[in-house]
2 protein chains.
Amino acid sequence: MEETQVKKIPNATAKRLPLYYRNLKFLEELGTCRINSSEFSKLVQVPSATIRKDFSHFGELGRSGYGYEVSYLISVFSQTLNVKEVTKLALVGAGNLGKALLKNNFRRNDDLVITCAFDNNETLSGTTVGEIPIYSMKELTQQIKKRKIGTAISTVPSKYSQNAIDLLVNSGVTAILNFAPGRVKVPKHVHVHYIDLTTELQTLVYFNENM
Amino acid sequence: MEETQVKKIPNATAKRLPLYYRNLKFLEELGTCRINSSEFSKLVQVPSATIRKDFSHFGELGRSGYGYEVSYLISVFSQTLNVKEVTKLALVGAGNLGKALLKNNFRRNDDLVITCAFDNNETLSGTTVGEIPIYSMKELTQQIKKRKIGTAISTVPSKYSQNAIDLLVNSGVTAILNFAPGRVKVPKHVHVHYIDLTTELQTLVYFNENM
DNA sequence: TCTCTTTTGTGATAACGTTCACAAAAAAGA
DNA sequence: TCTTTTTTGTGAACGTTATCACAAAAGAGA
């Protein structure tokens, strides 16, 4: 009987994993091969007790009086985050923000790659940004199915957001990062996360004024 | 003895306020002047019980068997979020992402305005994006003090992020939205929030694969 | 080897957040 | 007016997350 993934990983822990992973890679680049929870705490700005609790959900990863082996932590978390496998992304909406994301294209990350983009504006159709081709919305379903893409980023304005997301979902996409703030309706098996700059700023200003 | 802001508003509630506010403004535009918690729940995708609990921290805002007056909710939340007062923002880092943000400049929001930008690249100095002037980093302190800016957005790459943020903090900025993932050191009175696309996507993919 | 130091892993506890479920208030209808 | 319906506001129950605090394990040094 295999002993993989014993208990369910708490939500709050899962959300911190990418942060941990990124900082472990950073330590690896620096040549650091050993880290203890209080040093790591300074780096990621999460309390050391929380770090130890989080790590403990993956088994006993460390050694008392020594700390954690950076390379071993990376191997454990890269498995959980499934970073060995490249996640191909589609981008819908090649406006200012969309183009900026295409130009960056997660250059520092080898596990996330935007492979195609779509826009309403027919004049963009056939052009490329970097190496990434922009297609018309009519070609969306065909391209996404052909490329077997399951994850997408939408920078389509709120007004047209629901339409774009319906199209993505009907083409087989099950995970969407949406930059438009209005909540969209999707089937239960589809995951939508929102990044809303206005909300982030208003929250920031609120906490700044009230704490 | 004034009875303003009786109990402390829970963190989780405060984070949902901008979402509530935005959707109430949307309802107002539509001409809806009355809403009950279960209808509002469908719109914002937050359970109705949570909405009522959240609202209750601001007093008894509704009427049994009727619901809530949209305009009254807006007046209460706009006070808490302090949206009547315009928050002037500075942007540091006028690369792809920075320029995209300048071009958008929260057009749909009258309470947030980017008024100046700064970049390392001297050739940008003296140019504008839209109406917004780009200055060199040498002019940062002077401009921020002159304009009495307390809030900033940084799209400076991780490597130079700490430097840029030190400069902002020394110029009097106390709230920063940082697009670089590496955690920066700031004095206790300064608030930093992070938006990290890679983390967002990895979390999204993780939840998509594991739930 | 023995002692001292470091640091983990984790039960216990506290803090925080969500959801339930319903009495009471107000509205709507007859 | 009286009855029925709607919907709030909120204690209480529940669930999740953070933090504490320390025994036990392992390292380091003599």
Side-chain angles (χ1 to χ4, degrees), chain A residues 3 5-20 24 27 32-74 76-77 183 203 206-207 210-211, chain B residues 3 5-20 24 27 32-74 76-77 183 203 206-207 210-211:
Chain A
E3 220 220 307
Q5 208 77 357
V6 199
K7 335 151 205 186
K8 201 213 160 280
I9 290 142
N11 240 283
T13 300
K15 284 189 194 146
R16 283 188 290 265
L17 281 187
L19 176 69
Y20 292 158
L24 289 165
L27 287 171
T32 313
C33 53
R34 168 184 170 178
I35 191 87
N36 62 48
S37 60
S38 68
E39 282 303 312
F40 197 52
S41 169
K42 284 178 201 158
L43 194 59
V44 297
Q45 298 185 11
V46 169
S48 64
T50 304
I51 291 173
R52 291 200 301 279
K53 250 282 154 60
D54 283 344
F55 285 10
S56 76
H57 294 107
F58 299 89
E60 308 206 350
L61 308 185
R63 282 146 66 195
S64 301
Y66 177 91
Y68 302 88
E69 208 77 53
V70 171
S71 62
Y72 184 57
L73 290 178
I74 288 176
V76 171
F77 295 148
R183 296 309 189 240
T203 306
Y206 174 84
F207 283 130
N210 297 280
M211 296 177 79
Chain B
E3 221 220 306
Q5 207 77 356
V6 201
K7 337 152 203 184
K8 202 215 158 278
I9 289 144
N11 240 281
T13 299
K15 284 188 193 148
R16 281 187 291 264
L17 280 188
L19 176 69
Y20 293 157
L24 288 166
L27 286 172
T32 313
C33 53
R34 169 184 169 177
I35 190 86
N36 62 49
S37 61
S38 68
E39 283 303 312
F40 197 53
S41 169
K42 284 178 200 158
L43 194 60
V44 298
Q45 297 184 13
V46 170
S48 64
T50 305
I51 291 172
R52 291 200 302 278
K53 249 283 152 59
D54 282 346
F55 285 9
S56 76
H57 294 107
F58 298 89
E60 310 206 348
L61 308 184
R63 282 145 69 194
S64 302
Y66 178 91
Y68 302 88
E69 209 77 53
V70 171
S71 62
Y72 184 56
L73 290 177
I74 289 175
V76 171
F77 295 150
R183 296 309 188 242
T203 306
Y206 174 85
F207 283 130
N210 296 280
M211 295 177 81

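Lettering follows sequence order; numbering is per chain, from 1.
Here D/dT19 presents its C1' atom at 12 Å from CG of A/Asp54, a figure rounded to the nearest Å. Here D/dG15 presents its P atom at 15 Å from NZ of A/Lys8, a figure rounded to the nearest Å. The OH-P distance, from A/Tyr66 to C/dG9, rounds to 13 Å in whole Å. When rounded to the nearest whole Å, the span between CD1 of A/Ile35 and P of C/dT6 equals 17 Å. Following rounding to the nearest Å, B/Gln45 (CD) and C/dT19 (P) show an atom-to-atom distance of 14 Å. Across the protein-nucleic acid pair, A/Asn36 atom CG and D/dG27 atom P stand 14 Å apart, rounded to whole Å. Rounded to a whole Å, the CZ atom of B/Phe58 is 15 Å from the C1' atom of D/dG9. Between B/Phe55 atom CZ and D/dT7 atom C1' there is a gap of 14 Å when expressed in whole angstrom units.
With C/dT18, C/dT10, D/dT17 as the choices, the nucleotide that has an atom nearest any side-chain atom of A/Ala12 turns out to be D/dT17.
For the pair B/Arg34 and B/Tyr68, the cation does not sit on the ring face, since its NZ or CZ is not both under 6.0 Å from the ring centre and inside 45° of the axis. Remark: A/Arg52 is not positioned above the aromatic ring of A/Phe55, lacking an NZ or CZ atom under 6.0 angstrom from the ring centre and at most 45 degrees off the axis.
Using a 4.0 Å heavy-atom distance criterion, B/Tyr68 is classed as a sugar-phosphate-only contact. Contacts of B/Arg63 with the nucleic acid, taken as non-hydrogen atoms under 4.0 Å apart, involve only primed sugar atoms and P, OP1 or OP2. Nucleic acid contact for A/Ser37: sugar-phosphate only, since backbone atoms but no base atoms lie under 4.0 Å from a heavy atom of the residue.
For the OP1/OP2 pair of D/dT17 and a distance below 4.0 Å, the side-chain nitrogens and oxygens of A/Thr13 include no atom meeting the criterion. Between B/Arg16 and C/dT18 there is a side-chain N or O to OP1 or OP2 distance below 4.0 Å.
Nearest-nucleotide mapping onto DNA chain D: of A/Ser64 and A/Pro47, the residue sitting toward the 5' end is A/Pro47. Where A/Asn11 and A/Ala49 meet DNA chain D, the nucleotide closest to each residue was compared, and A/Asn11 sits on the side nearer the 5' end.
In this pair, A/Tyr20 and A/Phe40 present their aromatic rings tilted. The plane angle is within the 30 to 60° band.
For C/dG11, the base has a donor-acceptor partner in the side chain of A/Lys53 [N/O atoms by modelled type, under 3.5 angstrom].
Two rings, from B/Tyr72 and B/Phe58, have their centers 6.0 Å or more apart.
B/Arg183 is not listed as a side-chain neighbour of A/Lys42, based on a closest heavy-atom distance of 4.5 Å or more.
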